[in-house]
Amino acid sequence: MNDFSIRLKDQPPIEIQAEAMTALDALRHLKAKAIDRVIAVKVNGTACDLSYNIATQAVLEPIYMDSKEGLEILRHSTSHVMAMAVKELFPEAKVTIGPAIQDGFYYDFDYERPFKEEDLPKIEEKMEEIIKADLFYVRKDMSSQKAIDFFKSLGEQYKVELIQDLGAETVSVYTQGGFTDLCRGPHVPSTGRIKAFHLTKVAGAYWRGDEKKAMLSRIYGVAFADRKELKEHLMRLEEAKKRNHVKLGPQLGLFNTYDEIGAGMIVWHPNGSMLRHVLEDFEIREHLKRGYELAKGPEILKTDLWKKSGHFENYRENMYFTMIDEQSYGIKPMNCLSHMLIYGSEIRSYRDLPKRYFELGTVHRHERSGVLHGLFRVREFTQDDAHIICTPEQLNGEIKAVLDFVKDVMAIFGFSYELEISTRPAKSIGTDEDWDLATNALKNAMADNNLIYEVNEGDGAFYGPKIDVKLSDALGRKWQCATIQCDFTLPERFDLVYIGKDGQKHRPVMIHRVILGAIERFIGVLIEHYAGAFPVWLAPVQAIILTVTDRNNEFGERLKKTLEETDIRVKADLRNEKLSLKVREAQLQKIPYMLIVGDRETEKQGATPRKRDGQNLSFATAEEIVSMIANECKTRR
RNA sequence: GCCACCGUAGCUCAGUCGGUAGAGCACCUCACUCGUAAUGAGGAUGUCUGCGGUUCGAUUCCGCACGGUGGCUCCA
């Protein structure tokens with residue numbers, strides 16, 4: 001017998017006399033509420049199975065099925081059921097890894113052929129059988145050597161590799177029915193606890209994320225605490241599809257792609273070109289306000305210059321080259337080189353710094369065909385790019401200013417975002433000291449602005465570390481937009497200098513930065529964010545005049561001219577059609593204001609506005625309409 | 001680039017177990033002059049993504065290419 005105390009978190013302890021007791025019994029003893037919805041438990045802060053044996057003092061915290069942690073456990077357990085089902089249906093398949101992810105789980109298998117969509121129903125059926133059998137998840141700890149021998153005997157070489165790489169004394173395995181998997185746990189008590197899952201898709205995935213290693217076959221699924229939540233999740237996905245910019249873009253006359261032009265190349269139709277113009281105009285104003293100067297370099301530059309900068313060595317696979325008069329030229333994948341030459345064209349004093357060159361620079365990058373996607377990944381795009389060349393002392397302040405710039409701009413669009421710092425990659429140039437200096441400069445600026453960020457080791461640009469700003473699309477996928485990159489190397493390679501107070505030459509540092517990132521990608525995110533219904537200040541068409549009969553067309557055209565003169569982006573629908581049809585079409589185009597002009601309005605020389613949300617306003621004169629729209633633009637809502 | 005799926009009229013989609021295709025909307029014509037999400041009638045519309053192969057015959061089967069979607073890897 002053994003004396004110890006157990007208690008629920010935030011409850012007084014209870015003394016226990018027993019050899020040991022399972023966590024589940026302990027929870028019952030402590031009268032934890034809704035015990036049937038508890039699927040695991042935290043014992044002294046560590047997540048454990050309900051079958052975990054408690055033999056010392058313990059603080060318990062039940063984990064409920066529908067909590068964040070509970071769902072993660074449930075999803076992980078579901079992935080084990082899937083692995084078991086796959087092994088039963090395809091005994092030759094080798095298991096690898098199968099974690100829980102956002103909304104669900106996946107499991108990677110190595111099989112003689114990749115799995116196909118049509119395999120999924122069979123696997124689901126088998127999973128239902130396993131769930132119905134309500135098999136217990138039984139945990140067993142064993143020495144790594146024993147586990148290696150065990151998985152070797154099964155021919156599961158991937159598991160053997162995993163255990164060997166773990167390098168731990170002991171590992172744990174979980175068995176349900178005849179299926180045993182290496183796993184840290186915890187799990188739900190038995191397979192019967194899985195109530196709602198669905199296998200969604202198959203995909204290829206490299207073993208350990210390394211494209212030089214074997215291509216495995218991945219099966220994705222989603223799992224929820226109950227059927228209702230699963231259904232809601234699938235509904236949400238349907239809703240998200242309606243925001244898809246790849247669909248909305250062509251529908252709203254924003255852009256299109258053409259097979260005959262090529263993959264990853266966007267053609268901007270009039271509405272999209274107008275939207276770009278508005279954004280770019282906004283950007284130029286915001287940059288001028290913050291002490292940037294405009295610059296503009298050519299699209300193609302001599303290959304020798306790309307060799308000097310290190311792009312040829314480090315970025316060649318992503319570049320396009322061409323010959324002109326027997327000279328090799330590279331089409332620019334980045335805008336920095338011209339800016340470097342601009343800086344170097346004059347003697348610079350410390351008094352001139354920082355120099356901030358801004359360019360809406362169009363770049364071409366050879367992205368691999370499989371990664372192209374709508375506006376999010378293209379081969380030609382325009383960056384709102386700037387290069388800040390400053391003294392090392394100014395670096396911190398400049399980075400902070402850029403972070404503020406990002407904050408201001410994202411607030412205007414109503415975006416929330418995540419920050420990430422990326423450090424030195426394997427393929428890179430420069431000294432370790434410079435990399436440390438640059439990385440610390442970024443970290444310090446983040447700390448000074450009280451920003452929370454994640455660190456992404458080895459993911460920096462080849463010339464320096466960076467801060468990335470990530471926005472989400474309708475499906476919750478993250479896309480890098482703004483980025484701030486420190487660079488000590490290019491100033492060195494281009495021998496950029498400034499004359500210091502001491503009359504000596506000194507080396508400046510450089511920041512590469514974008515705020516929106518790529519205009520294309522940013523517009524893609526914008527479309528999904530607003531579901532195509534842009535606020536008035538951005539809307540390519542802000543108002544459309546809808547005449548009731550062709551008696552009203554003459555005044556309709558006059559009104560259009562009047563509005564155009566005040567820079568309102570206005571169209572007129574003068575077709576001989578019913579008003580309701582014109583309203584419907586304007587509504588589908590998500591135009592913010594419809595201006596109805598019938599006999600009454602013609603007589604009174606104005607229009608009756610109808611807003612995109614269906615709200616009808618009362619009669620307004622041209623001047624009233626102008627000030628209404630202008631005000632809305634000013635507040636950018 | 002790799003894995004899976006997909007590609008029929010401008011759009012959304014049907015169809016052909018191999019015998020050269022169809023609907024709705026859009027488009028054009030005519031009538032209606034109309035008040036807030038589809039007026040009616042008539043008409044035209046396709047190298048069934050492309051190129052090869054199998055076949056008497058391919059939009060359908062096979063291969064390759066091009067393009068797209070979802071992942072992996074990569075990246076703004």
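These numbers come from a predicted model, not from an experiment. Residue numbers start from 1 in every chain, and the chains themselves are labelled A, B, ... in the order their sequence lines are given, proteins ahead of strands.
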Q | Residue mapping more 5' on RNA chain B - nearest nucleotide basis, A:Ser580 or A:Glu211 | A | A:Ser580
Q: Scan every strand shown for a Watson-Crick or G-U wobble partner of B:G35, both distances under 3.5 Å, and answer none if you come up empty.
A: none
**Q.** Nucleotide paired to B:G43 in any strand shown, Watson-Crick or G-U, under 3.5 Å
**A.** B:C27
(Q) Distance criterion of 3.5 Å, no angle test: do you see the side chain of A:Glu601 paired donor-to-acceptor with the base of B:G35? (A) yes
Q. For B:G57, which nucleotide in any strand shown is its Watson-Crick or wobble partner with both distances under 3.5 Å?
A. none
Q. Which value, in whole Å, describes the distance between the C1' atoms of nucleotides B:A44 and B:G10?
A. 14 Å
Q: Could you let me know what B:G63 is paired to, Watson-Crick or G-U wobble, both distances under 3.5 Å, or none if it's on its own?
A: B:C51
Q) Side chain of A:Ile596: nearest nucleotide among B:U39, B:G35, B:U33? A) B:G35
Q. What do you reckon, are the aromatic ring centroids of A:Tyr463 and A:Tyr315 less than 6.0 Å apart?
A. no
Q) Of the candidate nucleotides B:G35, B:A37, B:A76, which contains the atom at the shortest distance from the side chain of A:Leu588? A) B:A37
(Q) By the 4.0 Å heavy-atom rule, please label A:Gly460 as base, sugar-phosphate, or nothing. (A) nothing
(Q) Taking 5.5 Å and 30° as the limits, would you call A:Phe381 and the base of B:A76 a stacked pair? (A) yes
Q.
Going by side chain to side chain donor-acceptor pair (under 3.5 Å), A:Arg208 matches just one of A:Asp165, A:Thr96, A:Asp108. Which one?
A. A:Asp165
**Q.** Minimum heavy-atom distance between A:Ser472 and A:Val525, given as atom pair plus value
**A.** O-CG1, 3.8 Å
Q: Please tell me which of the listed nucleotides, B:A76, B:C27, B:G1, lies nearest to the side chain of A:Arg575?
A: B:C27
**Q.** RNA chain B-proximal residues of residues 602-610 of chain A, any heavy atom under 4.0 Å
**A.** A:Thr608, A:Arg610
Q. For B:A4, which nucleotide in any strand shown is its Watson-Crick or wobble partner with both distances under 3.5 Å?
A. B:U69
Q. Mapping A:Cys481 and A:Val246 to their closest nucleotides on RNA chain B, which lands nearer the 5' end?
A. A:Val246
Q. How many angstroms lie between atom CG of A:Leu595 and atom CG of A:Asp573, to the nearest 0.5 angstrom?
A. 12.0 Å
Q: Please determine if A:Arg290 forms a cation-pi arrangement with A:Phe405, meaning its NZ or CZ atom is less than 6.0 Å from the six-membered ring centre and no more than 45° off the ring axis.
A: yes
Q) Hey, what's the ring geometry for A:His245 with A:Phe376, parallel, tilted or perpendicular (30° and 60° as the breaks)? A) tilted
Q: Kindly confirm or rule out a cation-pi arrangement of A:Arg424 over A:Phe462, judged by NZ or CZ under 6.0 Å from the six-membered ring centre and within 45° of its axis?
A: no
